[in-house]
Amino acid sequence: CMIDTTAGVVGLGKMGGNMAKHLLDEGFEVYGHDLQPEAREAFADYGGIVADSGRDVARRSDVTITSLPNSDIVEAVYTGEGGLAHESVETTFLEMSTIAPPTTEVVADAIEETPAEILDAPITGGPENSRDGTLTGLVGGKEAVFESEHAQDVLQALCAELHYAGASGAGHAMKLLNNTMSMGNLLLAMETVALGARYGIDSERLWDILGNASATSVAFESRMPRVLERDFEAGFSVDFARKDVGLTVDMADSEDFPMVMGSLVHRLYTRASDEGFGEEDVGAVVKMFEQELEDRVSEE
């Protein structure tokens with residue numbers, strides 16, 4: 001059954017490409033664009049309609065998702081030459097990238113001058129959640145737009161859980177706060193586990209006990225099985241953690257808030273990146289702590 005709402009996706013990478021496929025599975029007509037030919041081909045092969053440009057996607061879609069790598073690219077795609085913020089475009093944008101709240105404000109201001117509407121709707125979950133429609137959506141913007149039929153059709157199709165966070169920028173701010181807290185949790189967990197292992201407690205036992213005690217966290221539970229397998233292929237990389245926590249520290253600076261713990265978390269991810277773990281999964285911070293313990297032992 002076809003759904004009345006037409007959807008568009010600008011940025012058909014891991015997340016955007018999987019969201020597009022899921023929307024096609026759900027019976028949406030989906031338009032898409034990406035600068036990479038292979039991303040466009042994979043989308044077309046799956047039944048998507050490739051448009052000539054991002055602006056062309058937005059013109060043809062009731063709801064247009066943007067899923068892009070960083071703040072600068074998001075700003076350029078909306079406000080640059082041939083950008084999405086144009087009087088010929090009437091759509092509801094869902095800006096789903098993880099970007100700095102000031103960028104959200106710049107983009108929202110540009111959209112105010114056009115017939116389009118925009119929600120910042122960053123998501124938590126990995127590529128597999130975007131593929132099967134089990135993301136968590138954190139949405140900022142006008143509440144009436146959030147509750148509109150078209151926006152709800154697409155958000156409900158992609159998300160198992162939806163939270164309205166508040167005015168424009170609140171969605172992106174919530175996403176950064178979530179990532180900072182979870183990356184901080186993980187860092188403390190990996191430091192603790194490295195110490196436990198150094199003390200001679202079996203790693204499986206550490207996992208079993210800490211995972212069922214008051215110490216546990218979502219970050220620990222999702223990462224620890226992979227750490228035990230020594231599988232550090234990136235689901236969410238050390239460099240991404242560093243970027244997101246860095247954006248949160250910037251946000252704190254702009255509010256004159258001395259984010260002491262967050263700054264320390266940012267420094268430790270920066271160090272893990274400097275030590276060569278940047279492209280590995282965030283669980284690889286355990287190697288930084290293990291290395292430090294080994295260095296101490298060899299000095300004794």
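Just so you know, these numbers come straight off a predicted model, no measurement behind them.
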Any side-chain heavy-atom pair from His33 and Asp56 closer than 4.5 angstrom? no
Can you tell if the side chain of Phe220 reaches within under 4.5 Å of the side chain of Asn185, non-hydrogen atoms only? no
Before giving the answer on salt bridge (charged side-chain N to carboxylate O under 4.0 Å, His left out), spell out for Arg226 and Glu280 the whole-Å C-alpha distance, their side-chain angles and the decisive distance to 0.1 Å. CA-CA 12 Å; Arg226 302 177 58 178; Glu280 294 186 46; over 6 Å; no
Would you compute the distance between atom CZ of Phe289 and atom CE of Met190 and round it to the nearest 0.5 angstrom? 9.0 Å
With rounding to the nearest 0.5 Å, note down the distance linking CE in Met19 to OG in Ser130. 6.0 Å
Got a salt bridge between Glu275 and Arg242, using NZ or NE/NH1/NH2 to carboxylate O under 4.0 Å? no
Would you mind checking if Asp239 and Lys243 are paired as a salt bridge, meaning a charged N to carboxylate O distance below 4.0 Å? no
Could you tell me which non-hydrogen atom of Leu155 sits nearest to which non-hydrogen atom of Leu162, and how far apart they are? CB-CD1, 3.8 Å
Measure from the ring center of Phe232 to the ring center of Phe277 and say whether it is less than 6.0 Å. no
How about CD on Glu229, more than 12 heavy atoms from neighbouring residues, nucleotides or ligands closer than 6.0 Å, or not? no
Contacts of Glu292 that satisfy salt bridge (Lys or Arg N to Asp or Glu O under 4.0 Å) - sequence neighbours left out: Arg271, Arg296
Within-4.5 Å side-chain heavy-atom neighbours: Thr136 and His163: yes
Holding to salt bridge (Lys or Arg N to Asp or Glu O under 4.0 Å), I want the full list of residues that pass it with Glu143, two or more places apart in sequence or in another chain. none
Are any of the side-chain nitrogens in Asp25 or Arg131 under 4.0 Å away from the carboxylate oxygens of its partner? yes
CD (Glu149) with more than 12 external heavy atoms under 6.0 Å: no
Answer whether the closest heavy-atom distance between the side chains of Asp62 and Thr91 falls below 4.5 Å. no
Under a 3.5 Å cutoff, is there a donor and acceptor pairing between the side chains of Glu87 and Thr114? no
Side-chain contact test, heavy atoms from C-beta onward, threshold under 4.5 Å: evaluate it for Val282 versus Ser237 and give yes or no. no
Beyond-backbone contact of Val297 with Glu294, side-chain heavy atoms, under 4.5 angstrom: no
With a 4.5 Å limit on heavy-atom distance, are the side chains of Thr98 and Asp244 in contact? yes
Verify whether one side chain among Asp120 and Thr104 offers a donor that lies under 3.5 Å from an acceptor in the other. no
Verdict with reasoning, Glu191 to Lys287, per salt bridge (charged side-chain N to carboxylate O under 4.0 Å, His left out): CA-CA 9 Å; Glu191 185 178 50; Lys287 297 200 253 187; over 6 Å; no
Spacing of NE2 belonging to His172 relative to OG belonging to Ser97, to within rounding of 0.5 Å: 6.0 Å
Do Arg60 and Glu90 sit within salt-bridge range, that is, some charged N less than 4.0 Å from a carboxylate O? no
Would you say that Tyr164 contacts Glu147 through its side chain, given a criterion of any heavy-atom pair below 4.5 Å between the two side chains? no
Neighbour count above 12 (heavy atom, 6.0 Å) for Glu233 CD: no
Partners meeting salt bridge (Lys or Arg N to Asp or Glu O under 4.0 Å) with Asp153 (sequence neighbours left out): none
CG (Asn18) and CG (Leu23) are apart, to the nearest 0.5 Å, by 11.0 Å
In terms of heavy-atom contacts, does CE of Met259 have more than 12 from other residues, nucleotides or ligands at under 6.0 Å? yes
Rounded to the nearest 0.5 Å, what separation is found between the CG atom of Leu264 and the CG atom of Leu187? 7.5 Å
Looking at OG1 of Thr124 and CG of Leu135, how far apart are the two atoms once the value is rounded to the nearest 0.5 Å? 7.5 Å
Of all heavy-atom pairs between Thr6 and Ser61, which one has the smallest distance, and what is that distance? OG1-CA, 3.4 Å
Distance alone, cut at 3.5 Å: any donor-acceptor contact between the side chains of His86 and Ser88? yes
For residues Thr64 and Tyr31, is any side-chain donor paired with an opposing acceptor at under 3.5 Å? no
